[in-house]
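Owing to the predicted nature of the structure, the values given are computational and were not obtained by experimental measurement. Positions are given from 1 along the sequence.
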Amino acid sequence: MSERYSRKKKNDMGRLKAMFSVVCLCIIALATVIFFSGNNLKNNSVNENTTLKATTEVNRAVTLEETTEETTAKKAAVKRKKSPPTSMKADGENTPYKSDYTYPISEAVLKGYSEELVFDKTMGDYRAHAAVDFKGAKGDAVRAVNKGVVTDVYDDNLLGGVIEIDHGGKLTAKYCGVENVCVNKGDSVKKGEKIATLSTVPCESADAYHLHFETRIGAKPVNPLDVMSKSE
């Protein structure tokens with residue numbers, strides 16, 4: 001009886017030890033899992049922070065590079081942009097207020113230059129008349145007042161057919177109310193050369209046929225008779 005009890009007791013102790021060993025192993029395994037999981041989370045966090053930082057730095061670098069390239073391109077474009085030509089050169093033949101200019105159509109003046117408001121019969125209002133209207137008949141030849149370069153040719157709703165010529169010395173002239181134009185933009189013309197024939201100025205159609213002739217020195221309107229050293 002005593003021998004059986006002792007044997008049973010030994011078996012129970014063996015089972016207990018085995019169970020204890022299993023429990024210990026489980027605890028160790030669990031601790032190991034927790035340890036490595038924590039390290040993985042920490043590493044992931046570090047990696048994410050590192051990746052975010054690296055991505056941010058790359059984005060900043062790319063943005064700075066793109067901005068720098070864009071700024072450089074703009075500066076280069078500004079440098080490449082050519083300044084518009086001021087005017088053809090003036091010499092003894094085409095110096096405003098000094099040289100001899102010919103009349104564009106006739107010497108007879110229908111309406112003189114006025115920076116003050118004058119009544120416009122066609123438009124029915126008062127407006128400045130920064131031009132000289134030279135009398136003529138429909139179809140009369142319109143001629144360049146001096147040598148120059150044609151800078152534009154176009155139709156205007158108020159002024160009719162228009163030819164713009166750079167006559168040198170910053171003097172530009174607009175020949176308005178013309179048709180049958182004989183020149184093109186970029187053409188060189190000689191003094192007295194026929195450039196068109198006389199037609200109608202729509203905004204002054206109530207007046208007799210005439211050439212509406214405007215002149216400017218740079219951007220400033222000037223009296224055509226004065227700049228050509230003529231008088232009414």
Side-chain angles (χ1 to χ4, degrees), residues 84-85 87-88 94 96-97 99 101-232:
S87 176
M88 68 174 291
N94 64 339
Y97 298 103
S99 299
Y101 292 79
T102 189
Y103 286 95
I105 189 165
S106 73
E107 299 181 14
V109 174
L110 179 67
K111 185 187 295 183
Y113 179 92
S114 175
E115 294 182 359
E116 298 180 358
L117 299 181
V118 294
F119 185 71
D120 187 309
K121 292 187 293 183
T122 306
M123 306 302 291
D125 59 13
Y126 287 85
R127 57 183 63 198
H129 188 256
V132 170
D133 292 345
F134 290 100
K135 292 180 182 179
K138 182 177 175 60
D140 283 354
V142 176
R143 303 182 183 279
V145 297
N146 209 326
K147 64 182 179 180
V149 176
V150 180
T151 57
D152 212 350
V153 177
Y154 57 94
D155 288 320
D156 185 270
N157 290 335
L158 295 178
L159 298 175
V162 179
I163 301 173
E164 294 187 9
I165 298 179
D166 177 358
H167 285 295
K170 298 184 178 181
L171 171 64
T172 57
K174 289 174 67 173
Y175 302 73
C176 308
V178 301
E179 62 183 3
N180 301 321
V181 177
C182 309
V183 293
N184 297 304
K185 182 177 180 179
D187 288 351
S188 295
V189 295
K190 298 177 181 179
K191 178 181 176 181
E193 180 180 341
K194 179 180 177 180
I195 58 175
T197 59
L198 187 63
S199 184
T200 303
V201 181
C203 69
E204 296 175 342
S205 59
D207 298 327
Y209 280 105
H210 64 276
L211 177 74
H212 182 88
F213 186 66
E214 301 180 7
T215 51
R216 292 175 179 267
I217 298 291
K220 180 179 173 57
V222 292
N223 189 330
L225 292 175
D226 291 343
V227 82
M228 295 191 301
S229 300
K230 307 291 185 183
S231 59
E232 290 190 34

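- A side-chain contact (heavy atoms from CB on, under 4.5 Å) with N180 holds for exactly one of L198, I195, T197; it is T197.
- In terms of heavy-atom proximity, A196 sits nearest to C182 at N-SG, 4.0 Å.
- Residues satisfying the side-chain contact (heavy atoms from CB on, under 4.5 Å) criterion with A128, sequence neighbours excluded, are absent altogether.
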Practice item. Please step through side-chain contact (heavy atoms from CB on, under 4.5 Å) for the pair T122 and S205, ending with a clear verdict. Key: CA-CA 6 Å; T122 306; S205 59; 3.5 Å; yes
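- Rounded to the nearest 0.5 Å, atoms NZ (K135) and NE2 (H210) are 11.5 Å apart.
- One finds a salt bridge joining K138 and E179 here, because a Lys/Arg side-chain nitrogen approaches an Asp/Glu carboxylate oxygen to under 4.0 Å.
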Practice item. Decide side-chain contact (heavy atoms from CB on, under 4.5 Å) for I105 and Y209; before the verdict, give the C-alpha distance in whole Å, the side-chain angles of both, and the deciding distance to 0.1 Å. Key: CA-CA 11 Å; I105 189 165; Y209 280 105; over 6 Å; no
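- Applying the ring pair (Phe, Tyr, Trp, His ring centres under 6.0 Å) test to residues at least two apart or on different chains, the pairs with a partner in residues 171-206 are Y175-F213.
- For the side-chain contact (heavy atoms from CB on, under 4.5 Å) criterion with V183, the lone passing option out of V149, I165, V150 is V150.
- Inter-residue side-chain proximity for H129 and H212 is flagged as met; some heavy-atom pair is nearer than 4.5 Å.
- Across all their heavy atoms, V189 and A144 have their closest contact at CG2-CB, 4.0 Å.
- I163 contributes atom CD1, which lies 10.5 Å from atom OH of Y154 (distance to the nearest 0.5 angstrom).
- Using a 4.5 Å cut-off on side-chain heavy atoms (C-beta onward), F134 and V109 make contact.
- The shortest side-chain heavy-atom distance between Y101 and L171 falls under the 4.5 Å cut-off.
- Side-chain contact between R143 and P104 is absent, with no heavy-atom pair separated by less than 4.5 Å.
- Among all heavy-atom pairs drawn from L159 and V162, the shortest one is CB-CG2, 3.9 Å.
- Environment of CZ in F119: crowded, with over 12 heavy atoms of neighbouring residues, nucleotides or ligands closer than 6.0 Å.
- Side-chain atoms of Y113 and D226, non-hydrogen and from C-beta on, never get closer than 4.5 Å to each other.
- Rounded to the nearest 0.5 Å, atoms CE (M228) and CG (N223) are 8.5 Å apart.
- Put simply, the side chain of P202 does not reach to within 4.5 Å of the side chain of L158, judged on heavy atoms.
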Exercise for review: Begin from the C-alpha positions of E164 and T172 and carry the test side-chain contact (heavy atoms from CB on, under 4.5 Å) through to its verdict.
Suggested key: CA-CA 7 Å; E164 294 187 9; T172 57; over 6 Å; no
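- The shortest heavy-atom contact between K185 and V153 is N-CG2, 4.2 Å.
- Heavy atoms only, all atoms of each residue included: P96 and G168 are closest at CG-O, 4.0 Å.
- Under a 3.5 Å cut-off, the side chain of K230 and the backbone N or O of E107 do not form any donor-acceptor pair.
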Check your understanding: What's the verdict on side-chain contact (heavy atoms from CB on, under 4.5 Å) for H167 and N94, showing C-alpha distance, side-chain angles and the deciding distance?
Key -> CA-CA 7 Å; H167 285 295; N94 64 339; 5.6 Å; no
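- Separating the CD atom in E204 from the CE atom in M123 is a distance of 10.0 Å, to the nearest 0.5 Å.
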